[in-house]
Each structure stands twice: as structure tokens, then as C-alpha cells.
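None of these values were measured; they are calculated from a predicted model.
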Amino acid sequence: MNIAKTIKQQALQYLAKDNWATAIGGFFIICLPAILIVLFQGVALCTMQLFWDLDNLTMAQNNIILILQLVLVFAFLLTTPMITGYLKLCYNISKGNNANLSDVFYYYRNKCFGKCFLLNLKIIVRIILHFLLVMIPALFALELYFLSHTQNIQFLILALLFFSGAVIETVFYSVKYTLIPIIMFEDESLNTKEVFYLGTTFMKDKLKVTRTLLFTFLPHILLCFFVVPWIFIFPYITVSFMTNSKWISELHKNNTEV
């Protein structure tokens, strides 16, 4: 039996121990801030439209909109410790411990909030920069589409293909950071630099296995276009990755002790 299949079976077993409701409930909680931010942005723009001509904005009005966008981005970043808290919830499930919805808010009640926020910021910045880098071919193809006198549809199709490839490649790139939260969960005395270093170092020789695990979930992810399955698939994927990270962490811990 291959490693990915074993991990996925273990994840299902952990979830089956009365943890499905907790994992799904946590998923709804972490989605709520993003939904509220999007709704607030929509209401704010609709309100502005009542008083401003959005097609002919003054410099001051443009600055107000820019400040609003920056505030919303910062507000979203402040909610990322909830995502880390959800990972902690799923990690507890993967260890057979009691999982509680309050784990989602763990880093708002803990002195590690600053460290958690900085770690999330470091990971997000690296992922965004990587995405922008691999997006260059798509942007180049899009530029050719707009520059061509006939706006050749082939360039647009090429841009879409490059964009899809960039998204998929970035997702596979991002799994290299999945071990970082576990290092923090296991030892909160470590500083940000130590957690990031250990998380990326431990993952190096297991990156292929982790990406293989992600690849096996592609059929499940495709089902998420129907929305409803995402409610069950996201917790399943998250617990699977936390289980995978748990075994990698245990392996390195045992080697260190020896």
C-alpha cells in the first residue's frame, strides 16, 4: 500500500471518531471573515457609487478607495491566525486528541499571536512572489493578445492555459510550507526564524511524497466545482496533510533522539 493511500485512510479513520462535525464547523468559521470582508467591500463600493461617479474619480477619491483596499487586505491578514488555529484543530484530530472548535481561535488567546502572524506573512509573501514569477508567461501572452490588431483569440487561450498552469504549479509549490505550523504546534518556545527553518528543512526530503499526496486529491478537488462537496473535502484534505506532517515531524524527532 503506498504512503499517500495509507495517510488518507488514517485521516478518514481520525475524522470518523466523531470529528467530522468539528472539522466542518471549523471550516465554516474560517470562511466567515473572508465572506464578511467581500460583503463589506461590495457595500462600500455600492455606497460610493451613490455619491461618486466611479468612472471619473478625483485623486482624493482614488486615494480613499486605495486606503480602503489596503485596510481590507490588512484585516484579512489579521484573520490568518484563525486558519492556523484550524490547522491546529485538524492536527489534534490527526493525533487522536480531542478537537474543539475553540482551537480555531487559539492564537488570539495565546501569546504566540505575533509569531503566528509573522509566520503566516512570510509564507503568504513567498507564495505570492512565486505566483507572480510563474505568471510571467501568462501576462506576456495576454499582452500579445491586446497588442495584436485583430486580438487573436489564440493568444487569449494561451494566456488562460499559462494562468491555469501557474495556479496549479503554485499550489504544488505551496505544500513545502505545510510542515511549518506543526513545528510551532509542537514547540511554542521556538522563535519565528527557527520554526520556519525547521519546517522547510524537515520537508525537503519528503517533498515528493507530500506532492504525491496532493496529486491524489486532484479528483476530489475537481468535485469542488459543485460547491457542496467542498464542505467535506476540505477537512479531509487538511487532516490528511496534518497526518502527513505529523509523521514527518515524528520521523525527524526520533532521528534527533537517536
Side-chain angles (χ1 to χ4, degrees), residues 2-8 10-11 30 76-77 79-95 107 112 115-138 162-188 190-222 224 233-256:
N2 61 52
I3 297 174
K5 188 174 182 180
T6 302
I7 289 171
K8 289 165 74 175
Q10 289 178 348
I30 63 172
F76 172 74
L77 291 174
T79 67
T80 58
M82 288 179 61
I83 299 173
T84 307
Y86 182 71
L87 294 179
K88 184 175 179 64
L89 181 153
C90 291
Y91 184 61
N92 285 333
I93 291 175
S94 74
K95 294 192 73 174
Y107 289 101
C112 291
K115 178 167 64 178
C116 177
F117 179 77
L118 288 175
L119 276 172
N120 290 342
L121 195 59
K122 288 180 72 172
I123 294 170
I124 290 169
V125 168
R126 282 165 170 75
I127 292 173
I128 290 174
L129 289 176
H130 181 84
F131 177 68
L132 292 175
L133 181 64
V134 297
M135 266 290 289
I136 291 175
F162 280 137
F163 172 75
S164 301
V167 171
I168 294 170
E169 198 280 335
T170 302
V171 171
F172 276 89
Y173 165 83
S174 302
V175 299
K176 67 184 290 185
Y177 299 117
T178 54
L179 187 58
I180 291 174
I182 277 69
I183 303 299
M184 184 170 61
F185 299 157
E186 290 292 337
D187 190 352
E188 293 184 350
L190 297 173
N191 61 40
T192 304
K193 186 176 180 180
E194 291 169 331
V195 172
F196 195 88
Y197 172 76
L198 290 174
T200 51
T201 302
F202 289 176
M203 180 58 78
K204 281 182 180 178
D205 61 338
K206 298 297 180 183
L207 193 53
K208 184 178 179 181
V209 173
T210 306
R211 285 175 174 162
T212 300
L213 176 62
L214 176 61
F215 183 79
T216 64
F217 275 113
L218 286 182
H220 300 78
I221 294 170
L222 290 175
C224 294
I233 291 171
F234 186 83
Y236 177 30
I237 292 174
T238 307
V239 174
S240 295
F241 271 91
M242 290 299 98
T243 303
N244 177 64
S245 296
K246 176 189 71 174
W247 292 125
I248 295 173
S249 177
E250 288 291 331
L251 181 65
H252 281 276
K253 188 186 297 183
N254 293 336
N255 288 340
T256 303

Discussion item. In terms of relative ring orientation, are Phe185 and Tyr91 parallel, tilted or perpendicular, with 30° and 60° separating the classes?
Written reply: tilted

Worksheet item: Can you name the residues that form a ring pair (Phe, Tyr, Trp, His ring centres under 6.0 Å) with Tyr107, not counting sequence neighbours?
Response: none

Worksheet item: What distance do Glu169 atom CD and Tyr173 atom OH have between them, rounded to the nearest 0.5 Å?
Response: 9.0 Å

Worksheet item: Do the side chains of Met184 and Thr84 get nearer than 4.5 Å, heavy atoms only?
Response: yes

Item to complete: Output every pair passing salt bridge (charged side-chain N to carboxylate O under 4.0 Å, His left out) with a member in residues 83-95, not counting sequence neighbours, ordered by first then second residue.
Response: Lys95-Glu186

Practice prompt. Only counting residues at least two apart or in another chain, list the ones meeting ring pair (Phe, Tyr, Trp, His ring centres under 6.0 Å) with Phe241.
Written response: none

Discussion item. Is there a side-chain contact between Ile3 and Trp247 in this structure, where contact means two heavy atoms from C-beta onward sitting under 4.5 Å apart?
Written reply: no

Fill in: Residues that Tyr236 engages under ring pair (Phe, Tyr, Trp, His ring centres under 6.0 Å), provided they are two or more places apart
Phe217, His220

Item to complete: Could I get the full list of ring pair (Phe, Tyr, Trp, His ring centres under 6.0 Å) partners for Phe117, not counting sequence neighbours?
Response: none

Worksheet entry | 4.5 Å side-chain heavy-atom contact, Leu77 and Asn120 | no

Worksheet item: What do the steps show when you test Met242 against Leu87 for side chain to side chain contact (heavy atoms under 4.5 Å, CB included), and what is the final call?
Response: CA-CA 7 Å; Met242 290 299 98; Leu87 294 179; 4.1 Å; yes

Acceptor/donor pairs from residues 202-216 side chains to any protein atom, 3.5 angstrom cut, sequence neighbours excluded:
{"from": "Thr210", "atom 1": "OG1", "to": "Lys206", "atom 2": "O", "distance (Å)": "2.9"}
{"from": "Thr210", "atom 1": "OG1", "to": "Asn244", "atom 2": "ND2", "distance (Å)": "3.1"}
{"from": "Arg211", "atom 1": "NE", "to": "Phe172", "atom 2": "O", "distance (Å)": "3.0"}
{"from": "Thr212", "atom 1": "OG1", "to": "Lys208", "atom 2": "O", "distance (Å)": "2.8"}
{"from": "Thr216", "atom 1": "OG1", "to": "Lys8", "atom 2": "NZ", "distance (Å)": "3.4"}
{"from": "Thr216", "atom 1": "OG1", "to": "Leu213", "atom 2": "O", "distance (Å)": "2.6"}

Worksheet entry | Student check: side-chain heavy atoms of Val167 and Phe131 closer than 4.5 Å | yes

